[in-house]
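Below is one structure, written out as structure tokens; comments come after it.
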Number of protein chains: 2
Amino acid sequence: MKPLDPIKKRRVTLKLVADRAGVHASTASRALNPVTRSMVLPSVAQKVLDAAQELGYHPDPVAASLRTGRSKLAAILVPDISNSVFAPILSGASERLATEGYTVIVADVGSDKDKQLNIASGLMARRVDGFILATVSKDDPLVAFCLEQNIPAVLVNRAEAQSRLSSVVSDDELGMQMAVDHLVSLTHKIIGHIAGPAQHSTGYLRRRGFGRAMARHGLTENSPCQIAKSYSRHEGAHAARRLLDSHPQVTAIVAANDLLALGVYDVFRERGINCPAEISVVGHNDMQLVDMIEPPLTTIRIDHHEMGRQAAELLRQVIENPDKAKHNVTLQPILIVRSSTAAPRKPKPQTRSER
Amino acid sequence: MKPLDPIKKRRVTLKLVADRAGVHASTASRALNPVTRSMVLPSVAQKVLDAAQELGYHPDPVAASLRTGRSKLAAILVPDISNSVFAPILSGASERLATEGYTVIVADVGSDKDKQLNIASGLMARRVDGFILATVSKDDPLVAFCLEQNIPAVLVNRAEAQSRLSSVVSDDELGMQMAVDHLVSLTHKIIGHIAGPAQHSTGYLRRRGFGRAMARHGLTENSPCQIAKSYSRHEGAHAARRLLDSHPQVTAIVAANDLLALGVYDVFRERGINCPAEISVVGHNDMQLVDMIEPPLTTIRIDHHEMGRQAAELLRQVIENPDKAKHNVTLQPILIVRSSTAAPRKPKPQTRSER
DNA sequence: ATGAAAGCGCTAACAA
DNA sequence: TTGTTAGCGCTTTCAT
């Protein structure tokens, strides 16, 4: 004599629906799945659909997943969810994936490659249908992992030199070109660069873009560069100090991203340097709120929301057709001029002796 | 004659492990599960563990889930992942849940209640073990849903008046008390409030906290308030305009959150009002970067990371013991004084005629 | 302490 | 076109 359980109501199963419609479970299954619906008489299909409706049937994705090996689950791996650059990427991607019927798992996986791999295999065990990776660095083991496991994956924001996977990134070189052109048009001649870590494509490509743009203006000799250890305000400040110590003559600094530019601001404050009167600064990303800081930051805007959207779309395509040719999408950034850039102050005659 | 598939390597199943260890699958299952391991001879358990190790066995959570009804999946619902307030909550909660073996699904569910309910039932179908809700407003249908479905859930950041579920929030009234005390100590007497939407506990409680604090100082008559339609810079500006138009005498404004305070800044800029010389401003949340804006914002800091952590911990407890008594955790905020607050300018004799 | 057997809810190969 | 059957990989009675 089992105690009956009045609280937990029974799950509505496919069998229940089938019984009510007077057909076999497999027929009900076919009727319910739009793809296989044509295998079933329209009249029967309608009966099944009605029965499902009446009973409030919701297919069990877990059971389906066990059976089919697919899950309608997509995972997005970010190195740091607190970094606000990723927020619009996530919302763009989630939005798109949700409309395609995917449930999105956002995993904050940190920067430790072993940890990342662990988390990725955990998700594989859950049979996620694909990954969007916002984490990759040069020769990333995660990419190797996805290739090995033969699981659909696309890169977003950061890519690889060898494009082993499809990707959506901003045109980092072009962005730097824009930044440099803008400064040169303001008649700057000695422009420093605070680069991001070289193992990230953003760090590497933006640095290259900076170098090329300066070369194009014949300013190669006047383009000192310091590489920040990470994309953080703290490391940005660190690099800025090194840059200013070694090249006090710079009249402008191009930072590889906004966080680094904020670090530059910190150093300006610390040393009483006026921006843009004494030194101009350009950031990269147009992170939220950089229009509110003082001075409002001139920067390169990337449409991260669109980036997420396109990555999601690409992933969907790869999931549907794993042999799809790789696509490397490059988004056009735009220059946003605010108040951190201005023409350089005319060098006072006694400038040299001043220090 | 089936074509053999040299690419897709076979999944290592429990049966495989059992065979290799020379036991039955059920024994292997018992040996692998720490909880049931004691039902098995230590020597046998060891053999199974070794076999699993050698084969690189990973239990299939999908199959386990189908069988047990549990999933080791936890979902966090946020209204807007782009709002940077949620980032530290998410990372705090994810971190904690991950160490407990949960995989976290972050769902960006928007503000539409029907959409939220749809997404929640979708996740229920996936058999998530529990929800963390960062979305709730007054009498939220999502809370009713969780109660009905009898699924573990805890609230974070925003709570309900009737505490139908456990929650972790900041002490919103205390925060406002701190803000008002600070301004009063600077000798402000006429202080306005830009409130958040009343259907959110943060909006309602902060407003009440403001009113009570002003009353405590005997300033009830001098505490005009405007309610913003949403927590956004835009609505903050809107409310600020209304406040300044109706009460031009205010010397300080307490905003219900930082985003609203930024809107106030926008209006100051638009009207040429100097902050803090003419009007002081206090925010709430200590969102990232508000120390960089001009002037750096005095605000109430909430430890959102800790908030997420504690919500996760609470959720774990509720999942383990659904009959656990409700806990309503209140975190202490702290006042962060920066440069948006100062003593009010001494009213010039001709102030009144000036306008 | 271990094995046998059933079944979670679904889908798909096969048969009719 | 529909039903039969088997099984995805696991856990959990039940029997031994």
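In what follows, every chain begins at residue 1, and chains take the letters A, B, ... in the order their sequences are listed. What you see below is based on every heavy atom in this structure, not just the backbone, and it leaves out hydrogens, waters and symmetry mates.
Residues passing the side-chain hydrogen bond (donor to acceptor under 3.5 Å, both in side chains) test with B:D303: none are found, sequence neighbours excluded. Legend: residues meeting side-chain hydrogen bond (donor to acceptor under 3.5 Å, both in side chains) with B:S94, ordered by chain and number and at least two apart, are absent. With sequence neighbours excluded, no residue forms a side-chain hydrogen bond (donor to acceptor under 3.5 Å, both in side chains) with A:K138.
Side-chain atoms of B:D19 never come within 3.5 Å of backbone atoms of B:L16 as a donor-acceptor pair (strictly under, hydrogens ignored). Under a 3.5 Å cut-off, the side chain of A:D108 and the backbone N or O of A:I81 do form a donor-acceptor pair.
Rounded to an integer number of Å, the gap from B:D60 CG to D:dG9 P is 7 Å. Residue B:R11 contributes atom CZ, which lies 18 Å from atom P of D:dG7 at whole-angstrom precision. Rounded to an integer number of Å, the gap from B:K15 NZ to C:dA5 C1' is 14 Å. In this structure, A:R127 places its CZ atom 11 Å from P of D:dC8, rounding to the nearest Å. At whole-Å resolution of the value, CG in A:L16 and C1' in C:dG9 are 12 Å apart. One atom, CE of B:M39, and another, P of D:dC14, lie 13 Å apart when rounded to the nearest Å. Atom P of nucleotide C:dC10 and atom CG of A:L32 are separated by 9 Å, given to the nearest angstrom. At whole-Å resolution of the value, NZ in A:K72 and P in C:dG9 are 23 Å apart.
Contact annotation: A:T13 does not reach the phosphate of C:dG9 (side-chain N/O to OP1 or OP2, under 4.0 Å).
Recorded end-axis angle for the helix from C:dA1-D:dT16 to C:dA16-D:dT1 stands at 40°, based on five pairs per end and rounded to 10 degrees.
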Side chains of residues 25-33 of chain A: which donor-acceptor partners sit under 3.5 Å, not counting sequence neighbours?
from	atom 1	to	atom 2	distance (Å)
A:S26	OG	A:H24	ND1	3.1
A:S26	OG	A:R30	NH2	3.4
A:N33	OD1	A:V35	N	2.8

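B:V62 comes within 4.0 angstrom of nothing in the nucleic acid, heavy atoms only. Within the 4.0 angstrom heavy-atom criterion, only backbone atoms of the sugar-phosphate kind lie near A:L41; the bases stay farther away. If you check every strand for non-hydrogen atoms under 4.0 Å, B:V44 touches sugar and phosphate atoms only.
For the side-chain contact (heavy atoms from CB on, under 4.5 Å) with A:K324, the lone residue among A:E320, A:K326, A:H327 that qualifies is A:H327. If you run side-chain contact (heavy atoms from CB on, under 4.5 Å) between A:V128 and each of A:V104, A:I319, A:L123, only A:L123 comes through.
Annotation for A:Q53: atom CD does not count as buried by contact number, only 12 or fewer foreign heavy atoms lying within 6.0 Å.
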Worksheet, complete the sentence: Under a 4.0 Å heavy-atom criterion, the protein footprint on nucleotides 11-16 of chain C, written with B, S and -, is BBB---
